[in-house]
Amino acid sequence: MNFDQALKQLEAAGTAQNRKVYARHGVKDPQFGVSLAHLGKLTRAIGTNQEIADKLWATGNHDAQVLATMVADPQRFGLRDLDGLCRKIGNYVLADAFSKLVARSPHARRKAEVWTRSKSDFVGQVGFNVLAGLALSVPQDDPDLDDAYFEGHLVKIEEEIHQRPNRTRHAMNQALIAIGVRNPNLTTKALAAAGRIGGVDVDHGETSCKTPNASDYIRKTLEYRRAKARKKKTKARARS
C-alpha cells in the first residue's frame, strides 16, 4: 500500500458519527473520523514505513497523523525530530498516539525527563505518558531504570499534580498507576502517594470519560494479574 492508497482508504473509512465523537474529544478539522479499529487494520496493511508516515503527518489531517504514529519507524527519529513533532500536537487523542511512538524510540527516557517538566499541556501529557510506558514496558532488571528512578517521579507527581495543566494531570495520574503496578516495592510507595494526592480533577469536556482513582485502579490491576496467574497454574496442573 502506498501513500495515495492509504489516504483514500482513510477518507473512505471516515464517518460523520466518528467526527462528532472526536470533536467532543477536542479534535478539530481536518479529520475524516476513522475508528481506531480501522486504523489498526491499515497499520497492519502498511507495516512500518517511514516514507508513508512522513507524508501522512504532513497532511495535517488528524486521522492521517494518528496513522502516521502507528506506521512510523521509532528508530528513525532524532531528539530534534521528536521535539518538532510534539510541539505541533493540538489535541490529547493525537498526544496519546504520539506517546506510544516515542515510548518505542531510543530516546524515550530522555524525552520523558524533558517533557514532564514542560508547562505546555500536551507536551507534558506526552512526557508522563512516555514515563508510564517506561514503567510498564522496560524490563525490571534495567540498571538505568531502577526503583529509585521511578520513586523520584512519584515525588514529582505528588508535589505537582494539582498545579499542572488539565491533560497533564490526567497523564500524571496514569503514570502513577503504571509505576504502582511495576513491582511490590513501587506498589507500596505509589499507593501511599495516591492516598496523599486524593482525587484528581480533570475536565474531560463533553464526554463520558472519567479519571480513574489511582489507588483503586492499582489494586484492581494487581488482583487481575493474580487471578490470571492462578488460572494459568490451574491449566498447567490439568495438563500435567
Side-chain angles (χ1 to χ4, degrees), residues 74 77 79-80 82-83 85-87 89 92 94-204 209-226:
F77 293 90
L79 292 169
R80 290 185 179 180
L82 294 174
D83 283 331
L85 294 172
C86 194
R87 285 194 295 268
I89 292 173
Y92 77 82
L94 181 57
D96 281 342
F98 180 70
S99 300
K100 295 175 183 178
L101 170 64
V102 180
R104 294 185 290 118
S105 81
H107 309 298
R109 182 178 177 182
R110 179 80 175 271
K111 291 292 88 182
E113 291 295 317
V114 174
W115 291 342
T116 53
R117 298 195 296 268
S118 176
K119 294 180 180 179
S120 168
D121 197 7
F122 296 133
V123 175
Q125 175 193 345
V126 173
F128 281 101
N129 281 348
V130 174
L131 176 64
L134 291 172
L136 292 171
S137 303
V138 175
Q140 300 289 323
D141 58 357
D142 189 321
D144 293 325
L145 291 170
D146 57 11
D147 283 7
Y149 173 81
F150 291 104
E151 288 167 4
H153 283 287
L154 284 176
V155 172
K156 176 187 288 188
I157 291 170
E158 182 177 346
E159 290 179 346
E160 300 180 9
I161 191 167
H162 293 301
Q163 287 76 47
R164 300 296 288 273
N166 191 56
R167 294 309 306 186
T168 303
R169 290 198 299 276
H170 183 76
M172 292 172 87
N173 193 63
Q174 295 298 102
L176 172 60
I177 292 169
I179 294 170
V181 300
R182 183 174 170 84
N183 63 44
N185 172 56
L186 289 172
T187 296
T188 299
K189 294 183 181 299
L191 286 173
R196 291 188 292 267
I197 289 170
V200 179
D201 180 32
V202 176
D203 180 3
H204 291 278
C209 297
K210 295 181 180 179
T211 300
N213 177 281
S215 297
D216 290 346
Y217 205 91
I218 290 169
R219 292 189 176 98
K220 288 178 181 178
T221 300
L222 294 176
E223 179 52 40
Y224 171 79
R225 289 181 179 180
R226 287 191 288 267

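- By the ring-ring contact (aromatic ring centres under 6.0 Å, His included) test, F150 pairs with no residue at all, sequence neighbours left out.
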After noting the C-alpha distance and the side-chain angles of H162 and D201, does the key distance pass the side-chain contact (heavy atoms from CB on, under 4.5 Å) rule? CA-CA 8 Å; H162 293 301; D201 180 32; over 6 Å; no

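- At most 12 heavy atoms of other shown residues, nucleotides or ligands fall within 6.0 angstrom of atom OH in Y217.
- L131 has its side chain out of reach of M172: every pair of non-hydrogen atoms, C-beta onward, lies at least 4.5 Å apart.
- Across all their heavy atoms, T116 and E113 have their closest contact at OG1-O, 3.3 Å.
- With rounding to the nearest 0.5 angstrom, the CD1 atom of I179 is 12.0 Å from the CG atom of L191.
- L94 CG to C86 SG: the interatomic distance, rounded to the nearest 0.5 Å, is 9.5 Å.
- Within a 6.0 Å radius of CZ in R80, no more than 12 heavy atoms belonging to other residues, nucleotides or ligands are found.
- A donor-acceptor pair is defined here as one N or O able to donate and one able to accept, closer than 3.5 Å; no such pair exists between the side chain of D216 and the backbone of R219.
- Distance check: N173 CG to I177 CD1 gives 5.0 Å after rounding to the nearest 0.5 Å.
- Formation of a donor-acceptor pair under 3.5 Å by the T187 side chain with backbone atoms of V181 is not found in this model.
- Contact of the R167 side chain with the F122 side chain is registered, since non-hydrogen atoms from C-beta on lie closer than 4.5 Å.
- Looking at H107, its side chain never comes within 3.5 Å of a backbone N or O of P74 through a donor-acceptor pair.
- Of the possible donor and acceptor atoms, none in the side chain of N129 sits under 3.5 Å from a partner among the backbone N and O of K100.
- Side-chain N or O atoms of S105 include none that pairs as donor or acceptor with a backbone N or O of L101 at under 3.5 Å.
- To the nearest 0.5 Å, atoms CG (N185) and CG (D146) are separated by 10.5 Å.
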Yes or no on side-chain contact (heavy atoms from CB on, under 4.5 Å) for I218 and L222, after CA distance, side-chain angles and deciding distance? CA-CA 6 Å; I218 290 169; L222 294 176; 3.9 Å; yes

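- For the residue pair Q125 and D96, a side-chain donor N or O sits within less than 3.5 Å of a side-chain acceptor on the partner.
- With sequence neighbours excluded, the residues forming a ring-ring contact (aromatic ring centres under 6.0 Å, His included) with H204 are H170, listed by chain and number.
- Using modelled atom types, one side-chain atom of R182 and one backbone atom of A135 make a donor-acceptor pair closer than 3.5 Å.
- The CD atom of E159 sits 11.0 Å away from atom CG of L154, with the distance rounded to the nearest 0.5 Å.
- The line from NE2 of H153 to CG of L176 is 13.0 Å long, rounded to the nearest 0.5 Å.
- Within the 4.5 Å cutoff, the side chain of F98 has no heavy atoms near those of the V130 side chain.
- For the pair R226 and E223, the salt-bridge criterion is met [side-chain N within less than 4.0 Å of a carboxylate O].
- Formation of a donor-acceptor pair under 3.5 Å by the R225 side chain with backbone atoms of T221 is not found in this model.
- One N or O on the side chain of T168 and one on the backbone of D121 form a donor-acceptor pair closer than 3.5 Å.
- Annotation: K156, atom NZ; neighbour count of heavy atoms from other residues, nucleotides and ligands within 6.0 Å is above 12.
- For R164 (side chain) and S118 (main-chain N/O), a donor-acceptor pair under 3.5 Å exists by modelled atom type.
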